[in-house]
Amino acid sequence: MRLPYWKFSRIHSLATLFAVLCSALPGRATIRYDVSLAHPERHLFQVTMTVPDVRGGVTVALPAWNALYQIRDFSAHIEQVQTLAGSEKAPAEKLDKQTWRISGTGTITLLYAAYWDEPGPFATQLNAEHGFINPAMILLYVPERRHEEVQFCLRDIPEGWRTTLQTEGGAPGSGEACSDAINYDALADAPMETGKFEDFTLPGIQPSIRVVIHGDNWKRKRVEEELTRICRYELKLMEGAPFQSYTFILHIGKAAAGAGGGMEHANSTAIAVPSEEYLEGVAAHEFFHLWNVKRIRPATLYPVDYTKEQYTRALWFAEGVTSTYGSYALLRAGLWNKQQFYADLGERITELEERPAEKWQSAEQSSLDAWLEKYALYNRGEESVSYYTKGQVLGVLLDLMIRDRTGDAKSLDDVMRLMNTEFAEAGTTYRDSLDVRWSAEKIAGGSFEDFFARYVSGAEALPYREVLGAAGLELHSEEHKRATLGFLAERDASGFEVVRGVEPDGPAAAAGLRTDDIIVSWNGGEAPRRLERWAAEQKSGSVLRLRIRREPREFDLELRLGEIKDVRYEVVEMAHPSEAARRLREGWLRGTSGAAATP
């Protein structure tokens, strides 16, 4: 049960503050964070922020977004902020929902609590089992001093718990761990796990890669082999590691608590999956982000602006082409056979083509509109396409075109390595689609202006058959029927699905379902996480029983699933391709071009 703030605020403000202020501060003037885990069962991080060398007051803020392209207002998790100048209370004024101004000079200290108990790599959680921290969600920052080095300490770590924090202070078993970061942004990009986790190091890879697992429903042999193959392939592809050490933080099984997906960071990734069988795809994608996004960075996303939406047209490349390489890694590292690879590509094309918005929303516009993804209406097929999906398909097409133009001497692999050299290693950013195009043109020795104008910034029908044909491949299509719900819903903060739209002539409307109805139960249990995917696995005409809350009453409602027709696509090899097409296809599948070869 959550404990009201006032019941522990005196303990926090006196005992904890005294311990922190009396502990040895660094010799240099460093902004410092001390985070107490004294009561994990209350889901409260007790934070003390110490800001030295203040003259005439200081402004502090909490990011409005992090991990997802959504304004999430983390300050809603912050409880009663207390402020001191030296050892005296200091006046503080809240300027807006995420910003405070504190008066005073010298050393300013802020004390506050942050309540978090949300699972998954895009959130923060503290409970009796473990803690997972995305620092930007709990740590205030000084906007004009973001460039300064900071120190972070976890304190009152429960007995028996360990932490992934790269410890530079605090003896093992002492209940504390401390580390420096070169600035706030580096700290914000370094999530940490604490608890009774299991861990191991991937064999035969240098620099070292650590795997930390909180959860169940996994076998070490499988996890170790999959991650080792993926990492070895991608490290060889990109010609070396851009890190001194790396950590996979994995929440598997019950620990994922229904959350799913992964989040990339400069030297780590956090991933949540329901079981180990879902891990390989997410891991291959997130590990490639080490280069694409974290180091090969679009200028529109760096430096990070924590205060508002940060618009970019480059997510089709930053995320979508990362998915291209996620699928390449699984194939070329031997975790998929080519039929699985073809099937995945066919599914991506199907996913793209079944959305009416594919006819008008370009890859760049999909990227720009990423900030609308938190709205269920926007995610409908009539409203949007995924920059992940469209970008993955565009990456494949661009790769095959480069190979075709160069007689399979060059590929998209060479584009990625070129961008790594010219942007990542040079410490600069690229100009969204423009520099992607220019890099492809340097590698291929010819213009891609038409391709980018028509298919990246434009929304013309993608040239599947022409491009796939150059690799001896065909795209087959077949009409299928599948069940549909006839309504749209999204999960609210309480965990219930709330109806956001009802098709006027659909089965849900006929059964009496209305917008804003709350679905209390679904066939006697909890609603599935992905409603449309659930419906696609059912038979049209089957009965769905819902318990509905429509204030001031609850009632039962039955509806029969409707039916829609869609077209599914399949990538298959030509029976008699030309010798040039066959060689190109084999080079593409193996990951060879010129002298570059897969391990």
Side-chain angles (χ1 to χ4, degrees), residues 119-122 129-130 132 162 164 191-238 241 243 245-265 267-290 322-345 347-348 392 529-530 533 537 589-591 598-599:
F122 314 111
E129 294 184 356
H130 82 131
F132 174 72
R162 295 187 294 151
T164 58
M192 57 198 78
E193 174 76 16
T194 181
K196 296 180 180 180
F197 53 75
E198 298 183 56
D199 66 325
F200 55 88
T201 300
L202 296 184
I205 298 180
Q206 290 296 329
S208 67
I209 297 177
R210 183 186 184 193
V211 181
V212 171
I213 303 180
H214 169 62
D216 56 7
N217 200 18
W218 63 278
K219 295 181 177 63
R220 171 170 170 167
K221 182 178 179 180
R222 178 173 177 175
V223 172
E224 184 178 281
E225 180 177 357
E226 289 178 349
L227 294 183
T228 299
R229 287 182 176 229
I230 289 166
C231 294
R232 282 178 177 168
Y233 168 71
E234 294 186 6
L235 287 167
K236 185 167 185 177
L237 170 72
M238 296 304 292
F243 56 84
S245 64
Y246 186 87
T247 303
F248 283 95
I249 299 175
L250 308 180
H251 296 164
I252 302 179
K254 294 179 182 178
M263 184 63 212
E264 71 276 2
H265 299 278
N267 297 297
S268 65
T269 183
I271 294 174
V273 288
S275 71
E276 62 184 21
E277 65 182 295
Y278 296 94
L279 177 60
E280 60 182 18
V282 184
H285 177 100
E286 299 305 331
F287 194 69
F288 195 73
H289 270 315
L290 266 172
T322 296
S323 291
T324 304
Y325 276 93
S327 66
Y328 282 177
L330 297 179
L331 171 68
R332 296 169 183 173
L335 295 171
W336 278 358
N337 59 40
K338 67 179 180 180
Q339 296 307 325
Q340 289 173 297
F341 175 73
Y342 290 153
D344 177 74
L345 180 56
E347 288 175 6
R348 299 292 79 75
Q392 180 176 346
R529 286 282 170 175
R530 298 186 179 183
R533 177 174 291 184
E537 296 171 349
L589 293 173
R590 290 196 305 267
T598 186

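- In this structure, Glu225 pairs ionically with Arg229, as a charged nitrogen and a carboxylate oxygen lie closer than 4.0 Å.
- Taking a 6.0 Å sphere around CD of Glu347, one finds it holds more than 12 heavy atoms contributed by other residues, nucleotides or ligands.
- Under the 30°/60° scheme for interplanar angles, the aromatic rings of His289 and His285 are found to stand perpendicular.
- The two atoms that bring Glu226 and Glu276 nearest to each other are OE1-O, 4.1 Å, heavy atoms only.
- Closest heavy-atom contact between Ile205 and Leu235: CG2-CD1, 3.8 Å.
- Thr164 approaches Met192 most closely through the heavy-atom pair OG1-CA, 3.3 Å.
- Residues Phe200 and Ile213 meet the side-chain proximity criterion, which asks for heavy atoms closer than 4.5 Å.
- Within a 6.0 Å sphere centred on NZ of Lys254, heavy atoms belonging to other residues, nucleotides or ligands number 12 at most.
- Within a 6.0 Å sphere centred on CZ of Phe341, other residues, nucleotides and ligands contribute more than 12 heavy atoms.
- Aromatic ring centres of Tyr328 and Tyr233 lie farther apart than the 6.0 Å criterion allows.
- Residues Ala283 and Phe248 share a closest heavy-atom pair of CB-CE2, 4.2 Å.
- Between Phe132 and His251, the ring planes are perpendicular. Angles over 60° get that label, and only those under 30° would be called parallel.
- Nearest heavy-atom pair, Pro207 versus Ser245, reported as atom, atom and distance to 0.1 Å: CB-N, 4.4 Å.
- Across all non-hydrogen atoms, the minimal contact from Met263 to Pro121 is CB-O, 3.9 Å.
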Give the C-alpha distance, both sets of side-chain angles, the deciding distance and a yes or no for side-chain contact (heavy atoms from CB on, under 4.5 Å) between Trp218 and Leu250. CA-CA 11 Å; Trp218 63 278; Leu250 308 180; over 6 Å; no
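- Between Tyr342 and Leu331 there is no side-chain heavy-atom pair separated by less than 4.5 Å.
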